[in-house]
Number of protein chains: 4
Amino acid sequence: MRRRFEGIIPPIVTPLCGRDELDAAGLERLIEHVLAGGVHGLFLLGTTGEGPSLSYRLRRELIERACMQVRKRVPVLVGITDTAFEESVNMARIAANAGADAVVLAPPYYMPGAQPELQEYLEHLLPELPLPLLLYNMPSLTKVAYEVETVERAMDHEGIVGLKDSSGNMPYFHRLMALRGRRPDWSLLMGPEELLFDALIVGAQGGVTGGANVFPKLYVAMLRAAWAGDLVRCRELHSAILRVGNALYRIGRHPSSIIKGIKCALACLGICDDFMAEPFHRFRAEERALVQSRLKEVEAELSRLNV
Amino acid sequence: MRRRFEGIIPPIVTPLCGRDELDAAGLERLIEHVLAGGVHGLFLLGTTGEGPSLSYRLRRELIERACMQVRKRVPVLVGITDTAFEESVNMARIAANAGADAVVLAPPYYMPGAQPELQEYLEHLLPELPLPLLLYNMPSLTKVAYEVETVERAMDHEGIVGLKDSSGNMPYFHRLMALRGRRPDWSLLMGPEELLFDALIVGAQGGVTGGANVFPKLYVAMLRAAWAGDLVRCRELHSAILRVGNALYRIGRHPSSIIKGIKCALACLGICDDFMAEPFHRFRAEERALVQSRLKEVEAELSRLNV
Amino acid sequence: MRRRFEGIIPPIVTPLCGRDELDAAGLERLIEHVLAGGVHGLFLLGTTGEGPSLSYRLRRELIERACMQVRKRVPVLVGITDTAFEESVNMARIAANAGADAVVLAPPYYMPGAQPELQEYLEHLLPELPLPLLLYNMPSLTKVAYEVETVERAMDHEGIVGLKDSSGNMPYFHRLMALRGRRPDWSLLMGPEELLFDALIVGAQGGVTGGANVFPKLYVAMLRAAWAGDLVRCRELHSAILRVGNALYRIGRHPSSIIKGIKCALACLGICDDFMAEPFHRFRAEERALVQSRLKEVEAELSRLNV
Amino acid sequence: MRRRFEGIIPPIVTPLCGRDELDAAGLERLIEHVLAGGVHGLFLLGTTGEGPSLSYRLRRELIERACMQVRKRVPVLVGITDTAFEESVNMARIAANAGADAVVLAPPYYMPGAQPELQEYLEHLLPELPLPLLLYNMPSLTKVAYEVETVERAMDHEGIVGLKDSSGNMPYFHRLMALRGRRPDWSLLMGPEELLFDALIVGAQGGVTGGANVFPKLYVAMLRAAWAGDLVRCRELHSAILRVGNALYRIGRHPSSIIKGIKCALACLGICDDFMAEPFHRFRAEERALVQSRLKEVEAELSRLNV
């Protein structure tokens, strides 16, 4: 059985040129940039995409424009995480109508459901969804994780086809990997890029790595090296991935620094605007200058590594 | 200067009779029930009202029907907390058009803004709001609190007229109380009813207490006793409030037990249906029987106390 | 039945004049200072006393000197919290031999016991203790709380005579207060001084308030006002207590600021040295100057209040 | 420069036959069991060794007996983590006198030091220690981690020769690995055995894995396979390690289940008694029967894998 959702699937940022205004040209350039880098899919409206911070109108516009731009060259996954059941269903329908390939769902993130409540929630939601579903484990933002037992039960549903884990909790990821035997078509995808090596080496299907917005070839190269069992190359690329994080994700003091760093780097490269949805704001001149200079160093290193 | 938002302001539950279906008759009965109990306002779409779990369509229907039913007899406050700036603004406009008196806002609850980001967020939002704003501090669900310094800055804005604190963090509440001198028109309201006595005795303006859905007279009596400085009566009523919590809020194992308990009690009293929005579900027969029998005990005690 | 452990019982700092060196003269002055202020007992080797940071030798020296200095004028309570059962027992024996009146125990703070394990732990420890035991609830440092059900079971043991709550969790404190009917001899004591008013007004037996090291009369006056039901005076003193905290406990960025502030204030007043046990260090000149000047303001205010 | 502290270094359990009573014969058998399994060192008085729960007298007895039994065949590391500076120094001296090779230190675990305080603490402690020091990162129990910047500064001290990471935080571990260039003699050791594969594949020096008490050959085989770059064998052994955890560490509901499982398995194998220090208690008959039967299954699988 073929797994459609594998490989490097960047959680693309949502290019904005003002409050509630999509940078449509930037979105087109961004999509072409990552496709040219060899990525295997796109994930819209995730955390890096500031999904929950966008108006429903803008989310719809983004989905429709992105699907049109992609033209089925790779699968498009759409985040439908919401606190209201009906709004998740609506977004899934919009995604299906636009031609997307799957929807992605973290637990409802205001009211903290207990695990049995979360299981029922999935069982109630699933029949309403017109597309296959990937789970999105993101406990630092949703407060509630999909615990191993809940994932185990979710695997009984054919409509649920995988999980993206952004917990950073590698023992959890290993426990999920150990369940794969039950569902050969199931995709386990790693979120945090520092753990992409760990995930691939034990057989994960890919990564939904924020840095692939900027340097898609780096993460695609890692995937290929891991699939080829080339440990030396893997270690080299793993070190480069860590350096990308050190260079770009820790400027500024707030947890929003990662998204700001990625958007700012894309703006420096002329790919798209770096306006951000509330409650965040783009880097100011000083931080932008730092991103600019570090970007040069990273690019030099990546070129030495041929990625 | 008069404070419009003081007294007992129940965070009313949202009566539902099915998925995405408002129990309109139940809502009318509930509003008349609490108004007959002497409450001083209504708070719609809070946590007890399952606000974030409802579709936008249903939220609008609730606001319009509730305002129509209240007919300006008491102020109506409407929760507009959202993860998307534009959706908060939209909801505020709906509230204003329906005739509500204020809006209530917790921090955006997916992306965790740092305090300076939160301050800017408030400054950007305020000019868009057609109604006065009360802050809603609820860190267990939003992950981020309005820290004391942020509240201090918020007091510089005339449009922000108070804060409801549901943190359960009494030292924090005392620190906010100490700031009141700056804004005599500012309202500090207590969320958790176990702390209503603590709050009133140091001069808080009132309480947004979930139990007032079921027993409005009890909380109104506490307010009056505190305002009259009658410590003996306060202690008596405080004990009764604690017993309501013991009786009704700890059935079942999940954090959703409080809302389930309140809705179930209202259903037992024939006031409204106890259907719940996803990811929660109403109590089953066994738990309902327990609520029923405990409700009798609580009612007997409250009648001895004349409330 | 008489409660021996009630009133204001300062958790006295451990005056040090160097690493592992007790400032014996400072200790004498400190004890006389707080006794002159009217306190009703002393608590040695608590958190404010840096108990767990001191060598066992120094803890013993402190206990013996303090008991000798107090000469039974008020009860002496000794912290015996430890991660090793046997060391708690040893410290309790030292306390009994020195003439102390009770021992105080938080949960073992390395290995996190579950509540049933904690209950058994208390049952095994109790027969080994030569003195009455007060529980010490301090979950921010021990990770594990004495949950309400565990306290309820502890009340079945005559040898356990009370609880000091430093959780800052007022709803928890109210739930414990509601259990008092079972044990009229049981003492509930409040730790955080911002909550002393809240605790006394619902009938708590007293407070173990760090600020009483410096300003014993202030806290004793609060106790008397609360016992007299004088709400106006209580509010006035409550405000003063909050200002002590604002003035002295928030200098420096680290959680150790409270103990540093108290020790520094005592040094400014010439009462004892402010050397601190590892991993902490006394304030430097700049912060000390700030304490000095704020101390003057606080003293002026307290003198206006006659305390 | 040679690294002395590398390989599989089991954090050995402390065999007890009663309260404060070392099972000396059990200790001898345990040491011979793990040495026969090919381990490269022993770590005494860690978390698995219930270090902080033991009396100082018993800790000393354990150190002396263990060093005598080992007779320098492999290095012995001794945990000296304490809340009191002087007691850590005392324990280090006892270790040196007994012939141990290094000491291991987690942050003081009652008072939470900020990172600058923790850095000073290490700088003050280091000159007092007669043996090389390894840091022990265990934030779930000590509340405070050695943050990356603190480890970076610690690397400037020759006396600090490595770090054992039990945080389970793989991104943190990768960041530490990236610092190795500065100190080729530095040892990075992994605690949680589910992450041993991840750690070794990026070049860590070894593991301090609790399961190596019971199945030393399994972890030694993993080390060899990783050093040989044999990915297929690594994956096979990694799966076996995960199954050991599933089989033995999740019996019972409490966080103490891991240590209880290991001790119980050792008792089932006739190696040592499974008495536990307070606040824990050994498994009862029912759970023991479960361990017994699962042990058989694990042994069968390990024998198929030749370990």
Side-chain angles (χ1 to χ4, degrees), chain A residues 139-140 147-149 152 165-181 190-204 207 209-211 222 225-247 249-250 258 301, chain D residues 139-140 147-149 152 165-181 190-204 207 209-211 222 225-247 249-250 258 301:
Chain A
S140 65
E147 290 181 8
V148 175
E149 293 67 25
E152 229 174 318
D165 179 29
S166 290
S167 67
N169 181 345
M170 203 63 217
Y172 168 85
F173 195 85
H174 285 315
R175 293 182 67 199
L176 294 190
M177 286 299 295
L179 299 175
R180 270 172 326 164
M190 174 53 74
E193 53 205 71
E194 317 93 292
L195 299 178
L196 182 59
F197 180 23
D198 301 71
L200 294 174
I201 216 71
V202 289
T209 51
M222 170 60 104
W227 283 355
D230 182 348
L231 270 180
V232 173
R233 179 74 171 155
C234 278
R235 286 199 193 107
E236 211 171 56
L237 295 167
H238 171 66
S239 292
I241 288 172
L242 292 181
R243 275 195 290 273
V244 167
N246 279 331
Y249 299 165
R250 297 193 181 91
I258 297 180
E301 177 177 359
Chain D
S140 65
E147 291 180 7
V148 175
E149 294 67 26
E152 230 175 318
D165 179 30
S166 290
S167 66
N169 181 346
M170 203 64 216
Y172 167 86
F173 195 85
H174 285 314
R175 293 183 66 198
L176 294 190
M177 286 300 295
L179 299 174
R180 267 171 331 163
M190 175 52 75
E193 53 205 73
E194 315 92 293
L195 300 177
L196 183 59
F197 180 23
D198 301 70
L200 294 173
I201 216 72
V202 289
T209 49
M222 170 60 102
W227 284 356
D230 182 348
L231 271 179
V232 174
R233 178 74 170 154
C234 277
R235 285 198 194 108
E236 205 170 62
L237 295 166
H238 172 66
S239 292
I241 289 173
L242 292 181
R243 276 196 288 275
V244 167
N246 279 332
Y249 300 165
R250 296 191 182 94
I258 298 180
E301 177 178 359

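So you know, we letter chains A, B, ... as the sequences are listed, proteins then strands, and number each from 1. Just so we're clear, the structure is a prediction, and the values are computed from it rather than from any experiment.
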| task | Measure distances from D/Asn246 to the heavy atoms of chain A and classify the residue's part below 4.5 Å as side chain, backbone, both or neither. | result | side chain
| request: Check whether any side-chain heavy atom of D/Leu242 lies under 4.5 Å from a side-chain heavy atom of A/Met177, and answer yes or no. | output: no
| task | Anything in residues 230-238 of chain A with a heavy-atom distance to chain D below 4.5 Å? Please list those residues in order. | result | A/Leu231, A/Arg235, A/His238
| request: Can you measure from CG (A/Leu195) to CG (D/Asp198) and round to the nearest 0.5 angstrom? | output: 8.0 Å
| task | Could you tell me which non-hydrogen atom of D/Gly168 sits nearest to which non-hydrogen atom of A/Pro171, and how far apart they are? | result | O-CD, 3.9 Å
| remark: Looking only at A/Arg250, A/Arg243, A/Glu194, most heavy-atom pairs under 4.5 Å shared with chain D are made by A/Arg250
| query | Going from CE on A/Met170 to CZ on D/Phe173, what distance comes out if it is rounded to the nearest 0.5 angstrom? | reply | 13.5 Å
| query | D/Pro192 versus chain A, heavy atoms under 4.5 Å apart: side chain, backbone, both or neither? | reply | neither
